[in-house]
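Computed from heavy atoms alone, side chains included, the values below leave out hydrogens, waters and symmetry copies. As the structure is a computational prediction, the values presented were derived from the model and not from experiment. Naming: A, B, ... by sequence-line order, numbering from 1 per chain.
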Number of protein chains: 2
Amino acid sequence: MTTLRLLMNPNLFLRDPQETELGRKILEDSILLIDELGFEKFTFKKLALKIESTEASIYRYFENKHKLLVYLNSWYWSWVEYRIDFSTQNILNVADRLEIALKIISEKKVKDPFFPQIDEEALDRIVIAESDKAYQTKQVDEDNKEGLFLGYKSLCHKIATYIVEINPEFKYPNSLVSTVLQASHQQLFYAQHLPSLTDFTGDSTCANAQNKEFLKEIVFKAISK
Amino acid sequence: MTTLRLLMNPNLFLRDPQETELGRKILEDSILLIDELGFEKFTFKKLALKIESTEASIYRYFENKHKLLVYLNSWYWSWVEYRIDFSTQNILNVADRLEIALKIISEKKVKDPFFPQIDEEALDRIVIAESDKAYQTKQVDEDNKEGLFLGYKSLCHKIATYIVEINPEFKYPNSLVSTVLQASHQQLFYAQHLPSLTDFTGDSTCANAQNKEFLKEIVFKAISK
DNA sequence: TCCGTCATGATAGTTTTACTATCATAATTG
DNA sequence: CAATTATGATAGTAAAACTATCATGACGGA
């Protein structure tokens, strides 16, 4: 089995974590630790302890834990886009491509053997629970200028082009896609923690099926003429 | 002019900040300071300095800054619900009521003279920029059990009942409302900071008009039979 | 094989945050 | 007038979020 590597924007890190043993360990275990502790209680000191390295060494890879979170988010969205590209190969009908994309976005994430070091299930939980913290900061504009959100933007843009192709008159393709990408995670979060804000059931398999149906309904009705 | 007071869940605070001069000053200036610094850089120490009080005194009102943020959010959503109630008085047609609600949600917030101490414009910016931090924590479930999110839930539920009345067969009224409430803020945030993720224009007056149109289109199409 | 560089580890130190505790004092209330 | 209670003043602690310095060991080239 081939091992793939997603190309990441160099502004996300100080030293490329995919290049070295320690770097890969930082990625691998930071996912597990953030999933376990939550982003606020997660510290580089605790991570250092877990991987039997030092705080200083981790700081050589990432400026701070915020950048690490942005990196993980970026990796996640690039991974989702890659999976959509993979699954829409040779699908000629745009509406079909859109449906596949929505399916991948809404479905339960499982281990991808192409990326053995990454626990995609844990990463999915992190992105669901913490992703807003990656851009809801006073430094958004600087981070954006450095291109830290290109992974997400790229995915958003790709799906928006499907929509434009299906209905060129629809005025809000980008807004609709970014709304739906967010809604997908938000509704799963609500299903688990604030059930009265959703109509999804707590059971996760079921919730994912409802998620897919909900997104499809919103999107296809919105872009219908 | 009457001065109103919104009834808040006592679990949100240690001592009721609406009851005392100092408490009201904490609310008033914390809004200004969080707006200015962002939630991460905001501390009780800095707030104490600003209002010429002490850290210890502020801790007597709020357990920590997280609870204060939850309080401000809760106040905001209760305020929005009150404005919707006010504006839908004597409107018999449900679709009209829904449209009014969407208008209030999406429109630019301005000073409400009924609540002289609260800078609603600044609070609106805070909720747009920071609100997800109020529930994206490892303590969501405890906070939820204490009823800290009842303000938001109540608003969500109210609008969902409009939708059920308009189309009782629609399967996702709560999901649609919570999606749209979030989208409203998110799209305005994107318009300012990540414009490629939205189709709204940067200009805020214009963005609010597009916001309203976008929300209306999504909602009314989604619930159409 | 020797030299240089470079990644990592070990250690220590700083500032700030997020509290907690104690005591004095001033205002209010019964 | 006594008792309570809100606030202020001050101090202190543990942890977080870094920064700096130096030693070591691996590795790659000459």
Novice: Looking for any heavy atom pair under 4.0 Å, which part of the strands does A:Tyr59 touch: base, sugar-phosphate only, or nothing?
Specialist: base
Novice: For A:Leu47 and D:dA16, give me the distance from atom CG to atom P, rounded to whole Å.
Specialist: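 Taking atom P of D:dA16 as the reference, CG of A:Leu47 is at 13 Å.
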Novice: Just checking, is any N or O donor in the side chain of B:Tyr152 or B:Ser178 under 3.5 Å from an acceptor N or O on the other one?
Specialist: no
Novice: Rounding to an integer number of Å, can you tell me how far B:Lys65 NZ sits from C:dC19 C1'?
Specialist: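 For the pair B:Lys65 NZ and C:dC19 C1', the rounded distance is 13 Å.
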Novice: Calculate the interatomic distance between A:Leu14 atom CG and D:dT19 atom P; express it in whole Å.
Specialist: 10 Å
Novice: Among C:dA18, D:dT7, C:dT8, which nucleotide has an atom closest to any side-chain atom of A:Thr20?
Specialist: C:dT8
Novice: Are the aromatic ring centres of A:Trp77 and A:His157 under 6.0 angstrom apart?
Specialist: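 Distance test on ring centres: not under 6.0 Å, no.
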Novice: Just how far, in rounded Å, is C1' of D:dA16 from CD of B:Glu40?
Specialist: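 From B:Glu40 CD to D:dA16 C1': 14 Å.
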Novice: Rounded to whole angstrom units, what separation is found between the CZ atom of A:Phe44 and the C1' atom of C:dG9?
Specialist: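 That distance rounds to 17 Å.
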Novice: Please write out each protein N/O paired with an N/O of nucleotides 24-28 of chain D under 3.5 Å, distance rounded to 0.1 Å.
Specialist:
none

Novice: Check ring-ring contact (aromatic ring centres under 6.0 Å, His included) between A:Tyr172 and all other residues, then give those that pass, not counting sequence neighbours.
Specialist: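 A:Tyr172: ring-ring contact (aromatic ring centres under 6.0 Å, His included) contacts with B:Phe200, B:Phe214.
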Novice: Can you list the residues that meet the side-chain hydrogen bond (donor to acceptor under 3.5 Å, both in side chains) rule with B:Asp112, with sequence neighbours excluded?
Specialist: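 Counting only residues at least two positions away or on another chain, B:Asp112 forms a side-chain hydrogen bond (donor to acceptor under 3.5 Å, both in side chains) with B:Trp79.
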Novice: Can you confirm if the NZ or CZ of A:Lys67 lies within 45° of the ring axis of A:Phe13 and under 6.0 Å from the centre of its six-membered ring?
Specialist: no
Novice: So, is B:Tyr61 near the phosphate of D:dT7, with a side-chain N or O under 4.0 Å from OP1 or OP2?
Specialist: yes
Novice: Just to confirm, is there a sub-4.0 Å distance from OP1 or OP2 of C:dT8 to any side-chain nitrogen or oxygen of A:Arg15?
Specialist: yes
Novice: When you measure from the side-chain N and O atoms of A:Lys41 to the phosphate of D:dA16, is any distance below 4.0 Å, counting only OP1 and OP2?
Specialist: no
Novice: Using only atom types and a distance under 3.5 Å, with no angle test, would you say the side chain of A:Asn9 pairs donor to acceptor with the backbone of A:Glu146?
Specialist: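 Answer holds: yes.
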Novice: ring-ring contact (aromatic ring centres under 6.0 Å, His included) with A:His193: which residues, sequence neighbours excluded?
Specialist: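 Applying ring-ring contact (aromatic ring centres under 6.0 Å, His included) to A:His193 gives A:Phe189.
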Novice: Check every strand shown and say whether A:Phe62 touches a base, only sugar-phosphate, or nothing at a heavy-atom separation below 4.0 Å.
Specialist: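 Here A:Phe62 touches no strand at all.
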Novice: Nearest whole angstrom, please: distance from the P of D:dA17 to the CG of A:Leu69.
Specialist: 13 Å
Novice: I need the CG-P distance between B:Asn64 and D:dA15, as an integer number of Å.
Specialist: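 That distance rounds to 18 Å.
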Novice: I'd like to know whether NZ of A:Lys103 has more than 12 heavy-atom contacts from other residues, nucleotides or ligands below 6.0 angstrom.
Specialist: no
Novice: If you look only at pairs with a residue in residues 39-52 of chain B, which of them pass as a side chain to side chain donor-acceptor pair (under 3.5 Å), with sequence neighbours excluded?
Specialist: B:Glu40-B:Lys133
Novice: Quick one: B:Leu37 CG to C:dT16 C1', roughly how many Å, whole number?
Specialist: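 Spelled out: CG on B:Leu37 to C1' on C:dT16 is 14 Å.
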Novice: Just the table, please: protein N/O against nucleotides 8-14 of chain D N/O, every pair under 3.5 Å.
Specialist:
unit_1	atom_1	unit_2	atom_2	d
D:dG8	OP2	B:Ser53	OG	2.4
D:dG8	OP2	B:Ser57	OG	3.0
D:dG8	N7	B:Arg60	NH1	3.3
D:dG8	O6	B:Arg60	NH2	2.9

